[in-house]
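Comments concern the structure below.
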Amino acid sequence: MSVRVRFAPSPTGYLHVGGARTALFNYLFAKKTKGAFILRIEDTDRERSTVEAEKAIMEDLRWLGLHWDEGPYRQTERVDLYRKHAEELVQRGLAYPCYCTEAEIEEMREEMLSLGIAPKYSGRCRNLSESDRKKLESEGRVAAIRFKVPEGGEISFKDIVRGELKFRFSDIGDFVIMRSDGLPTYNFAVVIDDHHMNITHVIRADEHIANTPKQLLIYQAFGWDPPQFAHVSMILGPDRSKLSKRHGAVAISQYRKDGYLPSAMDNYLLLLGWSSPDDREIFSMDEMIELFSLDRLSRNPAIFDINKLRWMNGYYMRKLPLDEVYEQAIPFFLEKGFPMNADWLKKVVAVYREHTSTLREMVEEALPLISFSLPFDSSIEEELKFDHVTQVLKAFLEVFTPYKYKEVSASLAWELLKGVVDRVGLKRGKVLFPLRIALTGRKTGPELYHFIELIGVKEALERAQRVLDYLERR
RNA sequence: GCUCCCGUCGUCUAGGGGUCUAGGACACCGCCCUUUCAAGGCGGCGGCACGGGUUCGAAUCCCGUCGGGAGCGCCA
């Protein structure tokens, strides 16, 4: 039987890094085994599910390059299926209607907790007679349906990443499978769907381990073969608790907005819980697919390290084909008001990607190319207070003026700059640094000759002249 | 409280009885390069949670302790 896996987010928020990693693992496994990757939207929580969230999640999955082969299936479009199966269980005596209210259950829960026993459903409605039911219904109570968990015994399964896992029935209370609003609960819908969708492997986060015995019970009740399970450890924040908003950005869309590349994101996520047989860490999507295997999944939780992501993103910015980085950078250039001249912008990318870590940073660094205004910030002005600065500017004007209307390459610009240095007769740094300040208004940036090539000699001369006038007027 | 999961450099990890003086990557520190910041090159710092076993031999196997995490919902 060919592999079929699914990613099943609930559309109650944006795709976060943990979900993205789960999706990635499923995707890689599907591609690796030439199986199918299915997208299923678990939207049975009507309160919190939104179509916006669903769209956002799909957009982020596409951005990451995790394209699904089937779906999206929505659980709210399949309620008849769940209802039918729930009724079957009731008829067979494996499930029963429960009339307890939320308040009553909460009360029981508190009480058990205070008594120091595991808070699970008491089974109060388990053995209701037909007349009891009628009476409760006449009170206007609407029933939920609970699964009847066997009294004694245990259930075990073999997890691909964790090995044999065992649970006692006595620790599991009768759990709701159909809510009083007629929609299935997670534990029920997953099983019905995974079975009907012929899912062969369930790759999901660690936090679902405790749900697995309940799901197994349902498989058993229907006489279905369960899929194989692979429970991946969770992604934690720096304080070792489950990664959440208070740890900083967790939404994939936020990383996109911050100027991260999807390829870097995928690669980094892969390393959070998976390692290659050799020491390699950088993989293209094709290589990931080629190398991925479930048996190299890590058992321990991983802390999300933005630092390494940043490094990796910078690495990808430098290694990826120029055109690809340029494509990704376009929105950032637009946002900052850069002129949309593709040839020129590609040169800008070629220069500025060398020393920045994100697209946003790269564009921010390149801002002096399109904006220049005096006076500079006071900390920058400090650098212009030396006597030799006017001398430097004059020498620059003299050397570059003959090239005012010419195309000057970076290498020619470099030759000319060396001429300026000679003319001033000071050390390179003494000459080039103030010149950098004057032309860019910043202390840092790419090599000056690159900068001059990018803005053109005419613009450079104008800037130098303006700074010179400004200094002399002072 | 109960159940379950997990403990190798600060972080991600390799390792699965001898080849471990524990390997790689990020971060950090230093040096080189240099026109600034980076990038790059070279080098350095740094870890098997603890205690008992088993064994000729344990990071690796077993037990316990401690620590961290998750679950215990008519959320998923």
Side-chain angles (χ1 to χ4, degrees), chain A residues 8-12 42-45 47-49 98 100-102 105-106 109 112-121 142-146 159 162 165-168 170-173 175-187 189-190 204-213 231 233-234 236 238-242 268 271-282 296 298-312 314-315 318 352-357 365 383 414 417 421 427-433 435-437 440 442-449:
Chain A
S10 69
T12 53
E42 310 219 325
D43 54 354
T44 54
D45 183 351
E47 304 271 295
R48 298 191 300 148
S49 297
C98 168
C100 298
T101 63
E102 250 177 275
I105 287 165
E106 182 56 25
R109 210 184 95 90
M112 289 188 209
L113 229 30
S114 69
L115 273 134
I117 49 179
K120 54 173 194 172
Y121 181 65
V142 185
I145 300 193
R146 282 187 190 271
D159 189 277
R162 277 155 222 286
L165 261 22
K166 206 183 287 178
F167 299 85
R168 281 176 294 279
S170 55
D171 294 323
I172 309 168
F175 55 94
V176 172
I177 58 176
M178 290 297 280
R179 303 194 299 233
S180 51
D181 66 1
L183 290 177
T185 58
Y186 163 75
N187 280 125
V190 202
R204 62 175 22 163
D206 204 335
E207 52 191 327
H208 290 293
I209 289 183
N211 286 320
T212 312
H231 285 102
S233 288
M234 302 207 308
L236 272 28
D239 65 354
R240 297 201 158 270
S241 68
K242 189 169 162 179
Y268 177 67
L271 260 27
L272 245 36
W274 183 87
S275 60
S276 79
D278 51 36
D279 279 330
R280 233 151 42 100
E281 294 200 325
I282 302 291
R296 294 200 63 86
S298 167
R299 266 176 302 279
N300 9 348
I303 292 172
F304 188 79
D305 182 10
I306 186 77
N307 232 343
K308 185 152 183 178
L309 207 212
R310 268 183 70 76
W311 164 79
M312 192 168 278
Y315 183 89
R318 267 162 252 125
Y352 281 85
R353 70 172 174 175
E354 288 303 322
H355 65 138
T356 48
S357 296
E365 277 275 302
E383 306 295 338
W414 180 223
L417 282 176
V421 173
K427 286 205 310 189
R428 262 184 201 173
K430 283 275 184 200
V431 177
L432 265 12
F433 191 63
L435 199 49
R436 164 186 303 282
I437 300 285
T440 71
R442 290 197 185 183
K443 291 181 188 176
T444 66
E447 289 83 356
L448 257 193
Y449 49 81

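Quick note: numbers below take in every heavy atom, side chains included, and nothing from hydrogens, waters or symmetry partners. We name chains A, B, ... by the order of the sequence lines, and we start the count at 1 in each one.
- With sequence neighbours excluded, no residue satisfies side chain to side chain donor-acceptor pair (under 3.5 Å) with Asp171(A).
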Can you give one letter per nucleotide of nucleotides 63-76 of chain B, 5' to 3': B if a protein heavy atom sits under 4.0 Å from the base, S if only from the sugar-phosphate, - if neither?
-----SSSSBSBBB
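- By the ring pair (Phe, Tyr, Trp, His ring centres under 6.0 Å) test, Phe167(A) pairs with no residue at all, sequence neighbours left out.
- Considering only residues two or more places apart in sequence or on other chains, Phe304(A) meets the ring pair (Phe, Tyr, Trp, His ring centres under 6.0 Å) condition with Tyr255(A), Tyr268(A).
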Using a cut-off of 4.0 Å between protein heavy atoms and nucleotide atoms, how would you tag nucleotides 34-42 of chain B 5' to 3' with B, S and -?
-BBBBS---
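- Scanning for ring pair (Phe, Tyr, Trp, His ring centres under 6.0 Å) contacts around Phe433(A) gives an empty result, with sequence neighbours left out.
- Residues passing the side chain to side chain contact (heavy atoms under 4.5 Å, CB included) test with Ser233(A), sequence neighbours excluded: Arg162(A), Asp206(A), Pro301(A).
- Taking the salt bridge (Lys or Arg N to Asp or Glu O under 4.0 Å) definition, one finds that Arg436(A) meets it with nothing, sequence neighbours left out.
- For Asn300(A) and C5(B), the shortest distance from a side-chain N or O to OP1 or OP2 is not below 4.0 Å.
- Shown here are the salt bridge (Lys or Arg N to Asp or Glu O under 4.0 Å) partners of Arg428(A), two or more places apart in sequence or in another chain: there are none.
- For Asp305(A), there are no salt bridge (Lys or Arg N to Asp or Glu O under 4.0 Å) partners two or more places apart in sequence or in a different chain.
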Contacts under 3.5 Å, N or O only, protein and nucleotides 48-50 of chain B:
none

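- Here, G47(B) and U60(B) have their C1' atoms 15 Å apart, quoted to the whole Å.
- Residues forming a salt bridge (Lys or Arg N to Asp or Glu O under 4.0 Å) with Glu281(A) (at least two apart in sequence, or on another chain): Lys308(A).
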